[in-house]
Amino acid sequence: MDRLNGSANLMIVSDLDYTMVDHDDPENLALLRFNALWEAYYRHNSLLVFSTGRSPTIYRELRNQKPLLTPDITIMSVGTEITYGESMVPDDEWKEYLDCKWNRDIVMEETAKFPELISQSETEQRPHKVSFYLEKEKASKIMQALSKCLEKRGLDVKIIYSNGIALDILPQGAGKGRALAFLLEKLKADGLRPLNTLVCGDSGNDAELFGVPEVYGVMVSNAQEELVEWYAENSRDNARISHATERCADGIIQAIGNFSLGPNVSPRDIRDSMLNTKNLSPSHEVVMFYLFYERWMRGDIENSEQYIQNLKSIFHSTGNFVHPSGVDRPMQQIIDTLPKLFGEKQSLDFRVWVDHVSYAEVSLGSWLVKFDKWELSGNKLRCCLTKVLMNSKDDTPNGFSWMHLHQTWLDGSEGKDDTPWFI
Ligand code: GLC
Ligand code: MG
């Protein structure tokens with residue numbers, strides 16, 4: 001959070017499974033669209049929060065499987081664990097708060113009396129979360145009976161049913177909504193309350209998010225019955241909450257537009273972006289450039305000399321490119337290798353995206369831009385930590401001139417692919 005100089009323009013608080021991530025879309029197109037939008041226009045002045053039911057273990061698994069951006073804040077295990085930054089520093093204050101009227105052993109004792117409750121895997125049992133599977137038809141009856149039993153034992157708990165199958169027992173003060181309210185209070189105390197907050201979800205454990213005062217909310221088109229019912233009963237008159245007509249991350253982008261929260265056209269939806277745009281910021285420039293690179297390598301755009309000429313004017317004539325292997329070559333020379341690479345990745349599911357783009361003006365009109373560049377080629381995934389020095393320049397087509405580009409492998413990415421590659 002220290003990354004920002006003041007309040008965030010927009011804070012997006014999104015669930016992951018079937019909200020940010022569409023498990024029915026193996027190409028992850030909506031997610032990649034969101035990623036490009038976020039990095040180009042929001043990353044530098046906004047906050048991205050993931051709020052998931054997953055424990056840290058299976059949250060990490062998802063991050064290894066899907067092109068998820070690095071969030072500023074991660075809320076896991078249905079609002080019982082909050083961590084900050086890339087290194088995921090836990091919020092100990094939140095942990096202490098949740099200890100109130102909570103006793104895990106008693107929850108275990110009482111739930112053991114219900115044979116209908118089937119325990120979830122060990123990874124999903126957390127200090128402030130006990131989780132089961134329970135058949136939909138039996139859910140409401142069992143929840144009532146269980147609630148009574150726990151109350152009798154002096155516990156104040158919250159029982160949440162999600163996805164028509166999962167039952168979570170948490171301390172009363174926990175849950176995705178309470179965790180968000182806590183976070184907003186914390187930001188407010190530091191004078192950093194975001195200008196706008198948009199919450200996004202698809203299932204039962206997301207319902208609470210929509211009840212947090214003053215937030216905008218979107219239920220994605222594919223939302224589960226239990227959330228849609230909750231909405232009909234509790235929130236239908238709230239003009240700040242909408243039911244998208246688009247699935248998952250596309251529904252989030254749609255809501256950004258509906259509520260006029262900022263730019264809502266993903267760079268991925270702009271054809272020929274490389275030729276016609278004056279880029280607004282170094283991050284916008286970087287997103288547009290790598291999108292062009294992806295399209296060129298996939299053969300998704302016209303094989304036109306105009307692109308090459310355009311690149312030549314963007315890359316400074318004395319600029320250098322240091323490949324992660326350590327080889328240092330003039331940028332103009334690299335561009336000369338491009339024509340023969342056109343469409344090279346046509347038969348592969350080749351995608352490129354950038355994460356974590358940050359930039360600083362190191363001297364007047366001169367920018368140091370840092371980001372993680374990810375590349376998926378077939379089933380091979382690799383990442384380079386990248387630094388670019390660029391100058392704002394009115395006479396270049398996109399408004400920036402690239403002076404120097406330096407990449408290093410993210411641990412483990414080295415040597416995963418022998419094919420020659422460009423940038
Ligand atoms: C995630 C968690 C699971 C939980 C469910 C609903 O799938 O892994 O433990 O029950 O979300 O909150
Ligand atoms: Mg979900």
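All ligand and atom numbering here is 1-based and tracks the order in the structure.
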With side chain to side chain contact (heavy atoms under 4.5 Å, CB included) as the test, would you mind laying out the steps for Lys186 and Asp91 before giving the verdict? CA-CA 11 Å; Lys186 211 166 174 155; Asp91 189 318; 2.7 Å; yes

Residue pairs involving residues 107-120 (criterion salt bridge (charged side-chain N to carboxylate O under 4.0 Å, His left out); sequence neighbours excluded): Glu109-Arg153, Glu110-Lys113, Glu110-Arg153

Close N/O pairs between ligand 1 and protein, under 3.5 Å:
from, atom 1, to, atom 2, distance (Å)
ligand 1, 8 (O), Glu124, OE1, 2.6
ligand 1, 9 (O), Gln120, OE1, 2.5
ligand 1, 9 (O), Lys129, NZ, 2.7
ligand 1, 10 (O), Gln120, NE2, 2.9
ligand 1, 10 (O), Asp168, OD1, 2.6
ligand 1, 10 (O), Asp168, OD2, 3.4
ligand 1, 12 (O), Asp168, OD2, 2.5
ligand 1, 12 (O), Asn205, ND2, 2.7

What class does the angle between the rings of Trp94 and Phe182 fall in, given that below 30° is parallel, 30 to 60° is tilted and above 60° is perpendicular? tilted

What protein N/O/S atoms are there under 2.8 Å from the Mg ion (ligand 2), waters excluded? Asp15 OD2, Asp17 O, Asp202 OD1

Fit a plane to each ring of His128 and Trp102, take the angle between them on a 0 to 90° scale, and name the class: parallel (under 30°), tilted (30 to 60°) or perpendicular (over 60°). tilted

Compute whether any side-chain donor of one residue and acceptor of the other, for Lys370 and Thr386, lie under 3.5 angstrom apart. no

Ring centroid separation for Trp296 and Phe342, is it under 6.0 angstrom? yes

Restricting to side-chain hydrogen bond (donor to acceptor under 3.5 Å, both in side chains), what partner residues turn up for Tyr41, sequence neighbours left out? His284

Any non-hydrogen side-chain atom of Met390 less than 4.5 Å from a side-chain atom of Val369? yes

Tell me whether the NZ or CZ atom of Arg240 lies within the 45° cone about the ring axis of Tyr216 and under 6.0 Å from its centre. yes

